[in-house]
Amino acid sequence: MSAAVEIDYPSTHGAECPYSVYEFWRGEAPVYNIPDRPHIWVVSRYEDVKYVAQHPEVFSSAGSRRRLNGFDFVGDADGAGQTMLESDPPVHSAKRALVFPSIKPGRLRAHEPWIAEIVDRLIDGIADRGECDFVADFSEPLPVEVMMRLFAIPARDRPLLDEWSDLEFSGIPWVSAGERERQLRNANRLGEYLTELALERRESPGDDLVSEVIRAQVERDGDFDLVETRAQLSVVLAGGAATTQHMLGGALLLLLEHPEELERCRRDAARIPRVLEEAMRLESSVQWVPRAVERDTEIAGTSIPAGSYVLLMFGSANRDPAAFDDPARFDPDRPHVQRHLAFGSGPHSCVGAPLARLEGRIAFERLLARLRDLRLVDPGDTPHVPSPSFRGLRRLRIAFEAVPAAG
Ligand code: HEM
């Protein structure tokens with residue numbers, strides 16, 4: 001292993017390709033103390049990451065992001081309203097239970113037709129152009145429109161959602177002061193917006209996720225708790241957009257780089273879910289999440305004092321050769337293709353995963369049926385978003401032919 005690897009991650013520039021750093025960590029320093037941030041430790045091997053994620057009594061989510069970032073998803077510094085993502089069992093499960101019924105697998109069947117309509121409309125918008133930026137024209141708008149429909153958000157508010165599409169969940173300590181200010185402004189605006197939305201739905205409930213969450217909270221607690229409902233809504237709204245966008249872009253790029261797999265999926269759409277899982281393993285939208293260390297402990301023989309933070313490197317765990325044979329290879333046929341940690345592990349594992357998988361399946365079924373001869377316009381031009389914690393394409397210029405409509 002080369003000692004010459006420059007450890008430049010987490011950072012905005014290191015986000016372009018952190019994989020050689022991960023390889024170094026896994027091989028040489030699997031529990032790595034960041035030199036200029038001695039209270040932060042990076043955990044990079046699959047089994048260790050999974051272990052930390054599954055032991056919330058030692059590795060706590062409670063306020064971990066808010067304390068690292070200085071503010072939470074709605075811009076609060078005091079953490080008055082804790083999101084499910086920022087709380088530990090047993091409090092956590094009550095918070096998660098407020099949103100789970102609206103996006104549980106059994107409910108998703110009903111969403112399938114209108115998600116397909118959104119997908120078809122987005123493809124209608126590009127089909128005759130022969131070329132597009134897949135990110136701007138498809139992968140960014142699809143999850144945003146899905147969220148708008150679930151929350152029954154009016155079309156006029158779309159520009160606000162676009163602003164929130166790059167909310168930085170965990171990486172604020174690694175962005176510039178100017179970017180931190182922008183992120184805080186956006187989080188505050190998200191909080192104000194969700195306050196208005198929740199108050200409006202409390203007055204005039206409808207058939208949407210916001211009204212359902214409010215109903216469930218009032219049924220459970222007796223009184224309406226704006227801060228509690230707003231907190232859970234904020235993490236669903238913010239958590240469902242960029243993550244899914246990055247999954248769609250990452251999967252398409254891998255298919256374009258592996259045209260034989262793309263053709264196989266075109267001939268047999270039943271392969272698409274496997275391809276999506278393998279794409280998420282290789283190009284995980286959430287590269288890492290933080291946890292606060294509650295008591296003196298040890299991970300893989302390294303002592304970590306109480307009061308520290310650990311960063312669980314899902315992106316590294318998913319490329320650990322101890323867990324995946326030939327880990328850098330795109331192989332949708334690998335056994336246990338869902339074994340990756342791209343949706344996390346333990347109590348916080350992604351509550352929106354079934355919805356993200358559904359969006360991905362419908363998107364690729366329709367894209368491959370309606371566009372052929374898909375190719376990259378400029379294979380050297382696939383930059384990633386400059387996020388210290390998310391991974392996803394900033395643009396993906398593609399060319400194609402529209403399949404003529406039947407009849
Ligand atoms: C490909 C798309 C997605 C990826 C890669 C992803 C990834 C993740 C990960 C890694 C976690 C665990 C965080 C932790 O352990 O601290 C998580 C949690 C969460 N995700 Fe997702 N997510 C995706 C899509 C979605 C969608 C579509 C929604 C909303 C409908 C959503 C809502 C949430 C929420 C609310 C949590 C917190 C769960 C809890 O704390 O119990 N995610 N997600």
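Numbering of ligands and ligand atoms starts at 1, following listing order.
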Contact table ligand 1 N or O to protein N or O, d under 3.5 Å:
residue: ligand 1; atom: 15 (O); partner: Arg291; partner atom: NH2; Å: 2.8
residue: ligand 1; atom: 16 (O); partner: Arg65; partner atom: NH2; Å: 2.9
residue: ligand 1; atom: 16 (O); partner: Arg291; partner atom: NH1; Å: 2.9
residue: ligand 1; atom: 16 (O); partner: Arg291; partner atom: NH2; Å: 3.4
residue: ligand 1; atom: 40 (O); partner: His348; partner atom: ND1; Å: 2.7
residue: ligand 1; atom: 41 (O); partner: His92; partner atom: NE2; Å: 2.7
residue: ligand 1; atom: 41 (O); partner: Arg96; partner atom: NH1; Å: 2.7
residue: ligand 1; atom: 42 (N); partner: Gly239; partner atom: O; Å: 3.4

Would Tyr51 and Gln54 count as a side-chain contact (heavy atoms from CB on, under 4.5 Å) if you check the C-alpha gap in whole Å, the side-chain angles of each, and the deciding distance to 0.1 Å? CA-CA 5 Å; Tyr51 167 80; Gln54 294 183 354; over 6 Å; no

Could you go step by step and tell me if Phe324 and Tyr46 meet the ring pair (Phe, Tyr, Trp, His ring centres under 6.0 Å) rule? CA-CA 9 Å; Phe324 303 97; Tyr46 181 92; 5.6 Å; yes

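Under the 4.5 Å side-chain criterion, counting only non-hydrogen atoms from C-beta, Arg26 is in contact with Ser316. By the 4.5 Å heavy-atom criterion applied to side chains, Arg189 and Trp164 are counted as neighbours.
Around the CG atom of Asp78, the shell of radius 6.0 Å holds more than 12 heavy atoms that belong to other residues, nucleotides or ligands.
A distance-only check finds no donor-acceptor pair linking the side chain of Arg281 to the backbone of Leu276 [under 3.5 Å].
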